[in-house]
Amino acid sequence: MTSLPSKYEPAAAENKWYSYWMEKGFFRSVPDGRQPYTIIIPPPNVTGVLHMGHMLNNTTQDVLVRRARMHGFNACWVPGTDHASIATEAKVVAKLRSEGIDKKSITREEFIDHAWEWTLKHGGIILEQLKRLGASCDWDRTLFTMDDDRYKSVIRVFIDLYRKGLIYRGVRMVNWDPQALTAVSDEEVIYTEEQSKLYFVRYKIVGEDNYIMVATTRPETILGDTAVCANPTDERYSGMRGKHVIVPMTGREVPFIFDEYVDKEFGTGCLKITPAHDINDYEIGVKYNLESIDIFNDDGTISEKAGLFAGTDRFEARKLAEEELSRTGALVRVEDYINKIGRSERTHAIIEPKLSLQWFLSMKEISKPALDAVMNDTVSLYPDKYRNVYRHWMENVRDWCISRQLWWGQRIPAYYYNNNEFVVAETEEEALSMARKASGKPDLRMEDLRQDEDVLDTWFSSWLWPITCFNGINDPDNEDIKYYYPSNVLVTAPEILFFWVARMIIAGYEYRGREPFRDVYLTGLVRDKQKRKMSKSLGNSPDPITLMEKYGADGVRVGMLLCSPAGNDLLYDDSLPEQGRNFANKIWNAFRLVITMPTDDTIEQPEASRAAVIWMRGTIDRVLAEIDDSFVRYRISDALMQAYKLFWDDFSGWYLEIIKPAYKEPMDGKTHRETLEIFETLMKIIHPFMPFITEEIWQRLGERKDGESIMIAQMPLPAPYEAGMLTRFETVREIVTAVRAIRKERNIPVREPLVLCATEGATGTEFDRVIIRMCNLSEIRVVEGKIEGAASFRIHTHEFFVPLTDGIDHEEEIKKLEEELAYTEGFLASVIQKLSNEKFVANAPEKVITLEKKKEADARSKITTLRESLAHLRGRG
RNA sequence: GGGCGAUUAGCUCAGUUGGUUCAGAGCACCUGCCUUACAAGCAGGGGGUCGUAGGUUCGAUCCCUACAUCGCCCA
């Protein structure tokens, strides 16, 4: 065998094997007679590049898919991206601006061309990066939310819902992003505490010389005030009933009203009402039939209707208002104040509540099956603590604003004619004929129709993703959708539980009559060591590609998974992929030992090796069952840790050390063959976590034909194992550890053989030769009574002695025994106390009492042994 | 303000109907080793009154109540 480097070098193996897998079509899935295992990727945003969150999320999916594939399922992982209308449009607008082109100066069609150009150039980057990670997606199925089939599906669904009466157009207070010039959903607004000011402004009471005082953070909106309101129980304002006040700056006369909504404690207890610019004020406005004056233009400047400051920006207007109020004596004082400000997730602009005509999906009825599905576990959430959160949201679900004032996205298929009457249709032709019919004007022409300018929310495409990825809207009975739907598991972040996961479940029931996936595994967020969310602006996110170059893809995968129990945030640190890299190296070196080992078929298998093989196989079966259990519960980090310890501790630390022949001696052929077999089994177990190194080694473990691969090999299934044998080995471990400790304490080199003396029954198992091998003993001697000049230790009820040539330090030994005795006596006392408690004996289950009695007996026996030894030593002393 | 969840070793977390010597794992730390697979390693070791105060129980990390602190969601 050629010499192998002592450090594993991942780069070459990763390229080689990924190309091999692609070339052999191992990722490809088509329906067949096997059971499917389907995962639909949460489509990353086309504007994005791979970040740590993607790494965690996609590693998790790949582990699940690879494992399923090895278990004989027809595994299909469908990749794709979403078009991210706001983010992409912002990127394209910025790019055009850098080229001196104003969006307003080009047509919608030209803009869409630019957007496609941008998408084709940048949109595939993130998927290419996933390949570096080892993602075993069926790339032939790669999708995009704006490609033809997906576009058509979205339009069809819109029309269908509209015709079912679930989509309506209405005036609503929306979250307006004055920079992106679009409404954004509640979920896309991020509220944070910011420093601002509280302005105390006095309003003159009509017909009196008195004033009432109002506190506001937004003095510019005074221009839109149409009432002032106090709590009806607030005695300070009881005299205001039926009166009117004069709005400063505008001189407008408005009513003073009363409503429970007003918080008596806040400010002066007196609230100005601006129905057009505050959601709560809006509701009060509706309730009391107040006028609504929209003082802002779409871009956040003051409109003509305000009467003052027209054309100035809203923040500039605030300063002007402050000056004006101050000048007229209406401004009484200004205080520093911290309040929650909503900003657009995409543009960071401060959100302006705005009355606007939007399209809505009525959620109440359509969401019912989706709530039930999670409550009755048709769809299981992992971790299940999210069920409560889900229920709370679904029970208070609000209508979904699905229109966006953008160009990049599926254009709303509503066609207006006459005076804002409209029809909803899939094509212009259909729209025209419908409009002719509806208007009673058979001569209506295409030019008389005007399609709605707005597009649909990106989530309105992604909520159909599990269905549209198999073209299940356009072609509901095709083979793929029938075979792959519903998918097995969705792996995503808890932050999009509502605006994506819940909506997919809703769409699943509406369009397929059943759930889109059985399990939802919610990963945590990747944060930095200081618990800050990783973000571009903080610059605290490492570049995943650099990381993979440094630690290897396998190393990074292990690092991501090790510290990420479901639903818990992962605090990223370089030590994580480092641990992964170290593990890869450990595997590599164990492989080196095994593969470069000279063998000799004429040697008989040593007894220790024979026992070790049996023990190792049993251990593998035990751990396989544990790993299975971890996967069933989506405890993926636990499953990885179990595999990690199986390889590192059991296999490398114990098994290999037992079977390793003496220096320069060859290994017997049988053990070698069995070890290669065991190694192969271990590689299969580890493969889903570390696909590259396991393939590299698997290919070298035996003669492989072209087209063979570990990734399509059969995953070993747990077999029954002899628990008693594993327990006996645990005792062996304890004995070996104890002898090692004696060697270390007395500086006895490993080369120097020792004798282990034990009482009848303490040893004498199939593992005696293992003890001899691991402790370098010349023999295990069965003795009765104490041994002179020997170090001793006790395991369970047995006492062991290691005779030492230069004797022992009596004082030391006595001290040790005394400590052990004190501890055991203390323990015995607590057991006796328990057993002498009548209530305990009366109430505790039989099993527990038997156990306590055994503890008592064992402790007594141990104490006897210790006392005898002490007496013996003292007698000598 | 309303709801949900958490608090266990220096860090990140397990602890499955309350009962094995139950207080654990990984990492980090300390000590000794370059022992020919691996120093990206090996052999040992220290470290927690399980957030606080009560209660239920023969028995509480686990169940109940209050409080404290933190996180998330909603208003």
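Within every chain, numbering begins at 1; the chains are lettered A, B, ... in the order of the sequence lines, protein sequences first and strands thereafter.
Ring geometry for A:F800 versus A:H798: interplanar angle over 60°, hence perpendicular rather than tilted (30 to 60°). Using a 30° and 60° split on the angle between ring planes, A:W393 and A:F498 fall in the parallel class, below 30°. In this pair, A:Y644 and A:F583 present their aromatic rings tilted. The plane angle is within the 30 to 60° band.
Within 4.0 Å (heavy atoms only), A:A741 reaches no atom of the nucleic acid at all. Using a 4.0 Å heavy-atom cutoff across all strands shown, A:S652 reaches at least one base atom of the nucleic acid. Within 4.0 Å of A:R592, counting heavy atoms only, lie sugar-phosphate atoms of the nucleic acid but no base atom.
Spacing between atom CZ of A:F499 and atom C1' of B:rC73 amounts to 12 Å, rounded to whole angstrom units. One atom, NE2 of A:H392, and another, P of B:rC4, lie 8 Å apart when rounded to the nearest Å. If you take CD of A:E9 and P of B:rC38, they are 15 Å apart, rounded to a whole angstrom. As a whole-Å value, the separation of A:W648 CH2 from B:rA37 C1' is 13 Å. The distance from atom CD1 of A:I636 to atom C1' of B:rA14 is 16 Å, rounded to the nearest whole Å. In this structure, A:M560 places its CE atom 16 Å from P of B:rU12, rounding to the nearest Å. If you take NZ of A:K586 and P of B:rC27, they are 12 Å apart, rounded to a whole angstrom. Protein atom CD1 of A:I748 is 20 Å distant from nucleotide atom P of B:rU35, rounded to whole Å.
As rounded to the nearest Å, B:rA66 and B:rC74 have P atoms that lie 26 Å from one another. Spacing of P atoms, B:rG44 relative to B:rU49, comes out at 27 Å, to the nearest Å. Nucleotides B:rU57 and B:rC64, compared at atom C1', are 12 Å apart to the nearest Å. Distance noted for atom P between B:rA14 and B:rG54: 28 Å (whole Å). B:rG32 and B:rC13 have their P atoms separated by 33 Å, given to the nearest Å. Using atom P as the reference point in both B:rG45 and B:rC50, the two lie 24 Å apart (nearest Å). For B:rA40 and B:rG46, the C1' atoms lie 25 Å apart once the distance is rounded to whole Å. Rounded to whole Å, the separation between the P atoms of B:rC72 and B:rG15 comes to 23 Å.
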Between A:D650 and A:K645, does the salt bridge (Lys or Arg N to Asp or Glu O under 4.0 Å) criterion hold? Intermediate values first, please. CA-CA 7 Å; A:D650 296 324; A:K645 286 200 275 193; over 6 Å; no
Starting from the C-alpha separation in whole Å, work towards a yes-or-no answer on salt bridge (Lys or Arg N to Asp or Glu O under 4.0 Å) for A:R673 and A:E677. CA-CA 6 Å; A:R673 282 189 297 279; A:E677 235 173 74; over 6 Å; no
As a quick check of understanding, evaluate ring-ring contact (aromatic ring centres under 6.0 Å, His included) for A:F679 and A:F647, giving each step before the final call. CA-CA 9 Å; A:F679 210 113; A:F647 193 91; 5.7 Å; yes
Start with the C-alpha distance between A:V63 and A:R557, add both sets of side-chain angles, then the distance that settles side-chain contact (heavy atoms from CB on, under 4.5 Å), and finish with yes or no. CA-CA 9 Å; A:V63 168; A:R557 289 167 65 111; 4.0 Å; yes
Decide ring-ring contact (aromatic ring centres under 6.0 Å, His included) for A:F651 and A:Y655; before the verdict, give the C-alpha distance in whole Å, the side-chain angles of both, and the deciding distance to 0.1 Å. CA-CA 5 Å; A:F651 182 70; A:Y655 176 81; 5.4 Å; yes
Where do A:K660 and A:E657 land on the salt bridge (Lys or Arg N to Asp or Glu O under 4.0 Å) test, with the steps shown first? CA-CA 5 Å; A:K660 198 160 70 175; A:E657 292 302 328; 3.5 Å; yes
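By the neighbour-count criterion of 12 heavy atoms within 6.0 Å, atom CD of A:E395 is densely surrounded, having more than that number from other residues, nucleotides or ligands.
If you look at A:Y521 and A:Y382, their ring centroids are not closer than 6.0 Å.
Listed nucleotides: B:rU16, B:rG41, B:rU31. Nearest to the side chain of A:N582: B:rG41. Of the candidate nucleotides B:rA37, B:rG44, B:rA14, B:rA37 has the atom nearest to the side chain of A:E657. Distances from the side chain of A:L851 to the nucleotides B:rU20, B:rG44, B:rC38 place B:rU20 closest. Candidate nucleotides B:rC73, B:rA40, B:rG15 were compared by shortest atom distance to the side chain of A:N585, and B:rA40 ranks first. Closest contact between the side chain of A:K839 and the listed nucleotides B:rC58, B:rG44, B:rA37 involves B:rC58.
At B:rC72, none of the side-chain N or O atoms of A:K385 fall inside 4.0 Å of OP1 or OP2 (strictly under the cut-off). Distances shown here put a side-chain N or O of A:R635 below 4.0 Å from the OP1 or OP2 atom of B:rG15. For the OP1/OP2 pair of B:rG44 and a distance below 4.0 Å, the side-chain nitrogens and oxygens of A:R740 include at least one atom meeting the criterion.
Along RNA chain B, the nucleotide nearest to A:N837 and the one nearest to A:A859 differ in position, and the one closer to the 5' end is contacted by A:A859. Two residues, A:K744 and A:V831, neighbour RNA chain B, and the one matched to the more 5' nucleotide by heavy-atom proximity is A:V831.
Side-chain contact, A:T731 with A:R733: no donor N or O sits under 3.5 Å from an acceptor N or O.
Interface residues of residues 840-847 of chain A facing RNA chain B, ordered by number: A:F840, A:N843, A:A844, A:P845; criterion, heavy-atom separation under 4.0 Å.
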Could you provide the dot-bracket string of RNA chain B, using ( ) for intrastrand pairs, [ ] for crossing pairs and | for bases paired to another strand, with Watson-Crick or G-U pairs below 3.5 Å? (((((((..((((.....[....)))).(((((.......))))).....(((((..]....)))))))))))).
N/O contacts under 3.5 Å, protein versus nucleotides 23-26 of chain B?
unit_1: B:rA25; atom_1: O2'; unit_2: A:K645; atom_2: NZ; d: 3.4
unit_1: B:rG26; atom_1: O2'; unit_2: A:Q579; atom_2: NE2; d: 2.8

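Using a cutoff of 4.0 Å between basic side-chain nitrogens and carboxylate oxygens, A:K862 and A:D858 are not scored as salt-bridged. By the 4.0 Å N-to-carboxylate-O rule, A:E819 lies too far from A:K816 to be salt-bridged with it.
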